[in-house]
**Q** 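One structure, as structure tokens, below. Some questions next.
Just so you know, these numbers use all the heavy atoms, side chains as well, and skip hydrogens, waters and symmetry mates. Since this is a predicted model, take the numbers as computed values, not measurements.
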Amino acid sequence: MKDSRLAQVGFPAIVVLVVTVMVLPLPTGLLDLLIVANISTAVLILLVATNVNRALDFSSFPSLLLVVTLIRIGLNVSTSRAILSTGDAGQVIETFGSFVVGGSIIVGFVIFLIITLVQFVVISNGSSRVAEVGARFTLDALPGKQMAIDADLNAGILTDEEAKARREDVAAEADFYGAMDGASKFVKGDAIAGLVITLVNLIGGLVVGMVQQGMSVNEAVATYSLLTVGDGLVAQIPALLVSISSGLIVTRSAGETGDLGSDVLGQFARQGSAIRSGGAIILLMMFVPGLPTVPFLVIGLGLVVVGQRLMNRPEPVPEPIVEPVDEPTEPPTAQDIATESRVEPLELDLAYDMIELVDPNQGGDLLDRVGALRRKIAGELGFVMPAIRTRDDVGLQPNSYVLRVHGVEIGRGTAPPGQILVIGDDTSMFPGDVIVEPVFGLDAKWVPVELRNAAEQMGHTVVDRSALVVTHLAEIVRRQAGTLLSRTDVAALLESVAESDPPVIEDLTAANVTNGEVQSVLAALLDDGVSIRDLVRIVETISDRARINRSTDSLVAAVRETLGPALSSNLAVDGQLDVVTIAPAFESALANALDVTETGSVLRLTPDLHDHLGTELRRVVGTHVGRPRTPVLVCSPGLRPALARTVQMLGTGTTVISYQEIGEHLQIDLIDTLSDPPLAGLAPAPSPAAPAAGQPGAAPRPPTASTATSPATPAGGMTDDRLAHTV
């Protein structure tokens, strides 16, 4: 707290002090102290710039550059006043001038001009250009980096906090290079100001010496030239150090060891052949007539010896892996064999050349990403996905993998080593063949990993091998969530409810609801893409409805109605829900085809009615493709379970909800209606196992279209007033 308070007060105080130094004359002792502090600050900035691992580690540098430039200009004004008014600017300036000038004023000015020109022409211009290009490329690459972060987040590789930190890091990097693009102009302006101030001091000193002090020309030149050169050097040397620091910062890229010196030495040490060749060239140059032999001989031999030693240096040998000696073990029991051979809920089979993805010693991070995915799925769906069993399969093609759910292959893909997957609208500039990525069916290309930066700067989505496998796994888990929910998972979920809300579990027990019935309801919800995170309300609804009707469809319908506002909100965008209704006669025909069995309700449609339903759904999907909101199909509650199963089998990807599941807070937009089928399709399909109408034991026939609903009312007699008003 004290350090933070000191920093908050210190910098404003420094700025006020600079203004004071410009206005008030200072004693020479205080000037010496401030000049030494200025030089020390420049040295510290150079050391920090040399030791940072990346430019963003010194993100305060642009603002610091402005402050030190302002301090230096303030000291220049104060020393100029002291030189012109008293002819004495302190011991530091006098010593610098005497040491550099020596016996020749011309030599002193030449050295001063060389330092100034090097700073202005070479370092300042180069740093300014690098900062400008760095800012441009950083801003161009910003969308690609953001998309990569979103892809990792969706794949479960990153948590929300990690993704937020990476987004802030990317934004901070763009802000830093943008600030450096402007701050580099301070360095250039400082060099110009130092040159102008030196010329003013020289001319003004000659005038003051000859006019006010009565000196001769030689005396004035000797006195004021020495002080002017000393003042210029005292100002330009710290400016040169800060300018070099600016160039190091904007050209710094992250290395292996962190500091610049270690990176440079380490990278040169890996080039023994080049160093030896350079030494041989230097040795040949000593035979050129007129060149001194000894310097070329010493330097050339030194480079040859160093290069040869670097080439002969043994490569680091990895520590041998000592295999533990297997002690005699008992033969496996029948129970052990059965445990090892049983089918796991989730399995990932990898080809032999993909084992590195799960080996941490080879840099594999697949298992860590799967762990992050389990946390993400738990946050989305409300249950913990089972552990995935990973194993190698020599029967697989190279670079391929297979994902299985309960032993059944659900998906497979390829992931070549040393390559990344580039997804975008136009990837023609990259080498390779266009493929269809296995997760979302988008066009993509496998390209060398060296092209990653180029792809990101063009705005393409870049996915590495591990991320592809994890993303594929995530989509399969979401689609197969109901199948993956086990009885053990349900017991664990109910135990968590018992700890937080004991009366809810007591009521469930009183209703004689078993864990198997709860599992059936939760699995059906997950199959519909409904999260079971709100488990307390789900269990409460199951307890209440089980006293009336214990069928799974009835329990699921009751739960969906309870969760309706949240369910429909997830399907809406900006509070607006696009819906597709069913024409009254068509919905009545579907209701007539409804058959309730022990395992749930089904639609026994005639071929004509089935074809008409598929045709209409495909028409709606094709007509409204590209809309910002995905339309949903609404129907009566009794028809929804069977219709949802039929629509899922048709593969149109349409979500089916009932009127009771639409939240009152949403705005409804009726965008289409499934039209009535031909008259031949309106005849109900009789149940193959049911007796004919009028025979003993025959069930009552469902109401016909003329008696079930009115033309404006959906089948089942239930509707949404807002939807009816829209129709």
Side-chain angles (χ1 to χ4, degrees), residues 528 553-554 556-558 560-561 564 567-568 571 577-597 600-621 623-624 630-662 666 668-687 699-727:
D528 289 342
D553 282 352
S554 175
V556 171
R560 289 180 62 96
E561 184 175 346
L567 190 153
S568 54
L571 300 172
L577 183 67
D578 290 351
V579 301
V580 177
T581 58
I582 307 174
F586 190 10
E587 188 164 1
S588 296
L590 295 175
N592 290 338
L594 187 65
D595 186 15
V596 180
T597 66
S601 58
V602 295
L603 286 178
R604 303 192 182 279
L605 302 177
T606 62
D608 292 339
L609 200 59
H610 186 276
D611 292 343
H612 180 74
L613 176 61
T615 301
E616 282 295 286
L617 287 174
R618 285 187 287 271
R619 177 188 64 79
V620 170
V621 172
T623 302
H624 303 285
T630 303
V632 298
L633 181 64
V634 293
C635 63
S636 61
L639 182 60
R640 195 214 67 81
L643 181 58
R645 297 187 186 100
T646 303
V647 170
Q648 184 179 11
M649 288 187 294
L650 290 172
T652 60
T654 307
T655 302
V656 183
I657 64 174
S658 70
Y659 294 101
Q660 273 70 13
E661 295 168 7
I662 300 177
L666 297 178
I668 308 302
D669 185 7
L670 177 60
I671 63 171
D672 212 327
T673 300
L674 302 187
S675 63
D676 290 329
L679 294 178
L682 294 177
S687 174
R701 291 180 59 85
T704 61
S706 59
T707 60
T709 58
S710 63
T713 306
M718 300 182 182
T719 185
D720 187 290
D721 294 338
R722 295 168 295 161
L723 196 58
H725 179 70
T726 305
V727 177

**Q** Looking at every heavy atom in both Leu674 and Arg619, which two are closest together, and how far apart are they?
**A** CA-NH2, 4.5 Å
**Q** Supply the atom-to-atom distance Met649 CE to His610 NE2, rounded to the nearest 0.5 angstrom.
**A** 6.0 Å
**Q** Is a side-chain donor or acceptor of Asp669 paired with a backbone partner of Asp578 at a separation under 3.5 angstrom?
**A** no
**Q** Measure across Pro631 and Ile671 and return the closest heavy-atom pair with its distance rounded to 0.1 Å.
**A** CB-CD1, 3.4 Å
**Q** For Leu567 and Asp528, run side-chain contact (heavy atoms from CB on, under 4.5 Å): C-alpha distance rounded to whole Å, both residues' side-chain angles, the deciding distance at 0.1 Å, then the answer.
**A** CA-CA 10 Å; Leu567 190 153; Asp528 289 342; over 6 Å; no
**Q** Within the structure provided, determine whether Leu643 and Leu613 are in side-chain contact (heavy-atom separation under 4.5 Å).
**A** yes
**Q** Sub-3.5 Å donor-acceptor pair from the side chain of Ser568 to the main-chain atoms of Glu661, do we have one?
**A** yes
**Q** Rounded to the nearest 0.5 Å, what separation is found between the CG atom of Leu605 and the OG1 atom of Thr646?
**A** 5.5 Å
**Q** Are any non-hydrogen side-chain atoms of Thr623 and Val580 less than 4.5 angstrom apart?
**A** no
**Q** Considering only heavy atoms from C-beta outward, does the side chain of Leu609 approach that of Leu603 to under 4.5 Å?
**A** no
**Q** Identify which one of Leu577, Val634, Val579 satisfies the side-chain contact (heavy atoms from CB on, under 4.5 Å) criterion when paired with Leu670.
**A** Val579
**Q** Donor-acceptor pair, distance only, cut-off 3.5 Å: does the side chain of Glu616 make one with the backbone of Ser675?
**A** yes
**Q** Closest heavy-atom contact between Ile582 and Cys635?
**A** CD1-CB, 4.1 Å
**Q** State the OH-OG1 distance between Tyr659 and Thr581, to the nearest 0.5 angstrom.
**A** 6.0 Å
**Q** Would you say Glu587's side chain and Ser636's backbone share a donor-acceptor pair under 3.5 angstrom?
**A** yes
**Q** Distance from Ile657 atom CD1 to Glu561 atom CD, nearest 0.5 Å?
**A** 12.5 Å
**Q** Do you know the tightest heavy-atom contact between Ala583 and Asp676?
**A** CB-OD1, 2.9 Å
**Q** Mark yes or no for whether Asp553, through its side chain, and Ser601, through its backbone, hold a donor-acceptor pair below 3.5 Å.
**A** yes
